[in-house]
2 protein chains.
Amino acid sequence: MAKPALDLLRSRTDEHVLHALMRHRRLTRAELAAEVGISKPTAGESVRRLTERGLLADTGERTPGGRGRGRVGSYYSLAPSVGTALAVSIAPEGVVAEVVDAYGDTVRRAERPVRPDQVASTLRDVVTEAAGPTEAARPAEVAGPVGPAGRGGRPRLAVVSAADPVDRGTGRLVHLPDSPFLVGDLDPMAIVGAYVGGPVVVDNDVNWAARAERENAGDEFAYLFLGRGLGCAIVGAGEVRRGSAGLAGEIAHLLTVGPDRRAVPFVEVFAQLGLRQEGSTAIDVERLLAADESTRQVIGRAVAGVVAAAVTLADPGLIVLGGAWGPALLENIRAAVADLPRPAPVRPATAFAQPALSGARADAVERLRATVVAGA
Amino acid sequence: MAKPALDLLRSRTDEHVLHALMRHRRLTRAELAAEVGISKPTAGESVRRLTERGLLADTGERTPGGRGRGRVGSYYSLAPSVGTALAVSIAPEGVVAEVVDAYGDTVRRAERPVRPDQVASTLRDVVTEAAGPTEAARPAEVAGPVGPAGRGGRPRLAVVSAADPVDRGTGRLVHLPDSPFLVGDLDPMAIVGAYVGGPVVVDNDVNWAARAERENAGDEFAYLFLGRGLGCAIVGAGEVRRGSAGLAGEIAHLLTVGPDRRAVPFVEVFAQLGLRQEGSTAIDVERLLAADESTRQVIGRAVAGVVAAAVTLADPGLIVLGGAWGPALLENIRAAVADLPRPAPVRPATAFAQPALSGARADAVERLRATVVAGA
DNA sequence: AATTCTAGTAAGGGCTCTTGCCTGGAAAGC
DNA sequence: GCTTTCCAGGCAAGAGCCCTTACTAGAATT
């Protein structure tokens with residue numbers, strides 16, 4: 001019924017209003033007009049439309065006396081029904097689930113250690129604690145307004161970080177040759193999907209950690225994750241490059257320089273140095289950090305070999321080191337990289353505390369906002 | 001004076017009209033309305049505005065009798081003044097310059113062989129032949145409508161392909177360690193810039209060849225250029241990934257498997273096999289193509305080593321082989337790639353004749369169209 | 001109590017786009 | 001040769017969105 005061309009203008013105005021409220025939490029109509037750059041009547045119309053659609057709500061708050069001496073204004077903000085998103089991190093160290101809102105605030109959080117054979121059930125427990133029971137498990141008891149924090153029922157979407165390679169098509173964790181397989185076979189998309197009303201995005205922890213680094217490292221860099229597992233993420237034009245199946249950056253098998261200067265797969269270097277954990281393909285971080293200088297030099301050269309390949313194929317302007325032991329060996333890696341035919345600046349990561357979760361959270365907020373703005 | 005919000009609608013309509021005319025060459029107002037999905041009055045208004053701005057012109061043609069029996073319509077098309085773009089290819093085999101219009105047609109073309117020590121002057125000659133003299137060299141004689149084909153004077157922009165690594169910042173050709181340096185030190189941006197009225201984009205031939213392959217190879221693939229020089233381009237999400245300085249894919253120095261199975265830089269493999277040209281870092285393609293089966297297997301394994309690195313870091317879904325000898329060794333390379341821990345499908349390139357020029361031409365047309373639509 | 005300042009509303013106008021109708025002229029059919 | 005059919009193009013009317021201007025309401029200041 002409405003004209004498609006004019007719809008565009010109107011929806012553009014509404015989008016700007018929503019974005020302004022995501023940034024500023026609460027605004028009066030007059031403030032909205034100034035912030036978005038539209039006239040007061042237009043702002044008022046947009047607020048009316050969005051309130052009707054249930055996306056905005058009068059907070060009941062009024063402009064405080066202190067500010068001006070004129071008429072009081074009504075503060076509007078996003079309606080609680082715009083909902084929340086779920087960010088989940090699955091790592092050998094533990095499982096974390098966070099419920100975030102469109103402002104980027106964490107409204108609920110649950111965390112638990114994990115035993116290798118109980119990843120799936122721990123994941124279910126943690127998500128239940130943060131996001132409430134699945135749809136199937138709760139129809140009877142909950143009928144009132146909604147969950148604990150009054151911030152809507154089920155999250156509208158989920159973003160999951162897993163500490164193993166993820167097949168982008170299926171969302172399942174896959175076992176690649178010679179890679180440590182830390183979490184094990186798991187289908188996070190199916191498990192988490194039961195708790196949310198919309199899509200579930202799954203990717204490996206390294207890619208999310210790189211995304212978290214984006215704010216401080218610019219638009220073109222490579223993120224080397226050096227911890228129990230080994231990974232790499234290439235960020236180009238501000239986006240993490242995942243490749244056709246999402247397996248870009250699984251560098252465990254990449255050829256590099258070994259202890260005796262011969263070419264070996266990256267992960268094999270740690271086997272030859274005796275730094276792999278008993279009965280596992282994972283690296284023993286504690287012993288690695290305690291290693292002597294010559295061992296550190298060997299590792300630095302091996303990492304530099306990986307850097308050389310990344311520089312050759314992707315030409316990142318910067319190498320960022322993350323993971324449990326990457327930043328600790330910064331100087332050894334820097335020295336070895338400086339000897340390469342095409343050196344590159346090397347820097348430690350700036351996001352230390354749960355970088356993968358930070359990246360997943362940021363992506364969850366971004367997707368939630370896009371969902372809200374898109375209309376549903 | 002006009003309202004910014006309504007400007008948006010109007011310009012959107014005008015852009016659609018321009019794009020429709022780029023696809024269909026000539027259309028009546030009524031055809032435009034149907035094609036763009038707007039009403040006849042709106043189409044008529046847009047044509048009036050665009051004609052006023054000099055972007056559209058009545059061709060003088062009228063609807064042919066055969067088509068319908070109603071009133072004759074007036075055909076409109078892009079005005080000649082929207083101008084042309086220049087696509088240039090600089091390779092050891094020769095220099096080519098083409099002038100293309102917004103329809104993607106080549107309106108003039110010049111080609112010449114090149115001697116290593118005369119690249120700059122040959123380049124100048126070829127561009128002069130295709131695009132006319134530089135601004136400085138012609139003020140007096142030309143005052144009439146314009147150049148030879150009546151298709152506007154100087155090209156509005158240029159896209160240059162050079163068969164050597166290109167620094168994206170400066171546009172200059174750079175010499176990387178162990179890479180063949182075929183064209184030599186040159187500043188195409190400065191030379192070609194004198195002939196065009198706008199920006200000059202310079203990139204290496206491999207990236208342009210990969211762009212030409214995009215139509216047939218999808219959005220995620222790696223293009224291996226195996227000819228006198230060695231190069232690689234990673235295409236992700238439909239875009240050629242150039243990296244921070246534009247040096248992504250300069251694989252000559254990448255470690256791979258050598259003749260004796262030891263790790264050596266890619267280009268070194270050909271030195272060890274005695275397949276480099278006398279006194280040069282370039283590969284002797286003729287002798288390579290005449291090599292025996294065991295040599296071909298060695299080369300196949302070496303290429304597979306490069307593929308392994310590309311698969312590891314970029315996860316392309318497909319490997320495309322181009323260059324003078326790449327497709328010829330398809331079976332050897334396929335066999336070696338099949339033995340990798342993470343194999344990938346390998347295919348020969350589909351663009352054979354001057355693939356780099358094809359890609360540069362396509363980019364020149366796209367940029368010219370964007371320039372026209374953007375308004376100037 | 002008067003003044004001052006601000007949030008919000010109302011009215012009017014400009015612009016774009018749409019629908020519907022009219023016109024002129026060429027081809028098709030008698 | 002005349003009439004009918006058909007269609008490009010133009011005009012008129014109307015709707016929607018946004019903007020500007022002007023006004024009202026209400027609270028703090030003076």
Next item on the list: Please determine, for the side chain of B/Ser74, which listed nucleotide (C/dG8, D/dG9, C/dT18) has the closest atom?
Entry: D/dG9

Notebook entry, point to check: Any ion pair linking B/Glu35 and B/Arg23 (charged N to carboxylate O, less than 4.0 Å)?
Noted result: yes

Note to self: Whether B/Thr13 contacts C/dC17 is assessed here as follows: a side-chain N or O lying under 4.0 Å from the phosphate OP1 or OP2. Is that the case?
What the structure shows: yes

Next item on the list: State plainly whether the residues B/Glu52 and B/Arg49 are in salt-bridge range, i.e. N to O under 4.0 Å.
Entry: no

Next item on the list: Check for a donor-acceptor pair, side chain of B/Arg108 on one end and backbone N or O of B/Ala130 on the other, with a separation under 3.5 Å.
Entry: yes

Margin query: I want to verify a distance call: between C/dG8, C/dA26, C/dC17, whose nearest atom is closest to the B/Arg49 side chain?
Written below: C/dC17

Note to self: Distance check needed: C/dT18 P versus B/Glu45 CD, whole Å only.
What the structure shows: 12 Å

Notebook entry, point to check: Between B/Arg168 and B/Asp203, is the closest basic N to carboxylate O distance under 4.0 Å?
Noted result: no

Next item on the list: Check the distance between C/dA7's P and A/Tyr76's OH and give it to me in whole angstrom.
Entry: 13 Å

Margin query: Judged by each residue's nearest nucleotide on DNA chain C, which is more toward the 5′ side, B/Leu9 or A/Val72?
Written below: A/Val72

Margin query: According to side chain to side chain contact (heavy atoms under 4.5 Å, CB included), who are the partners of B/Val72, at least two apart in sequence or on a separate chain?
Written below: B/Arg62, B/Thr63

Check: So what does B/Leu6 hit on the nucleic acid, given a heavy-atom distance under 4.0 Å: a base, only sugar-phosphate, or nothing?
Finding: base

Item checked: Rounded distance in Å - CZ (A/Arg62) to P (C/dC5) -> 24 Å

Next item on the list: Can you tell me the distance, in whole Å, between the CG atom of A/Leu27 and the C1' atom of C/dT6?
Entry: 16 Å

Item checked: A/Arg29 CZ to D/dT24 C1', straight-line distance once rounded to whole Å -> 15 Å

Notebook entry, point to check: Which listed nucleotide (C/dT9, C/dT19, D/dC18) is nearest to the side chain of B/Ala5?
Noted result: D/dC18

Check: Can you check whether A/Thr42 has a side-chain N or O nearer than 4.0 Å to OP1 or OP2 of D/dC18?
Finding: no

Notebook entry, point to check: Between A/Tyr75 (OH) and C/dT6 (C1'), how many Å, whole number?
Noted result: 12 Å

Note to self: From the set C/dA26, C/dC17, C/dT23, return the single nucleotide nearest to any side-chain atom of B/Arg71.
What the structure shows: C/dT23

Margin query: Taking the minimum atom-to-atom distance to the side chain of B/Ala30, which one of D/dT20, D/dA8, C/dA26 wins?
Written below: D/dA8

Notebook entry, point to check: Which nucleotide sits closest to the side chain of B/Lys40: C/dT9, D/dG10, C/dT19?
Noted result: D/dG10

Note to self: Distance check needed: D/dC7 P versus B/Glu31 CD, whole Å only.
What the structure shows: 12 Å

Next item on the list: Report the residue (A/Pro41 or B/Ile38) whose heavy-atom-nearest nucleotide on DNA chain C is the more 5′ of the two.
Entry: A/Pro41

Item checked: d(CG, B/Asp14; C1', C/dT16) in whole Å -> 12 Å

Checklist line | Nucleotide of C/dC15, C/dG13, C/dT19 approaching B/Ser39 most closely (side-chain heavy atoms) | finding: C/dT19

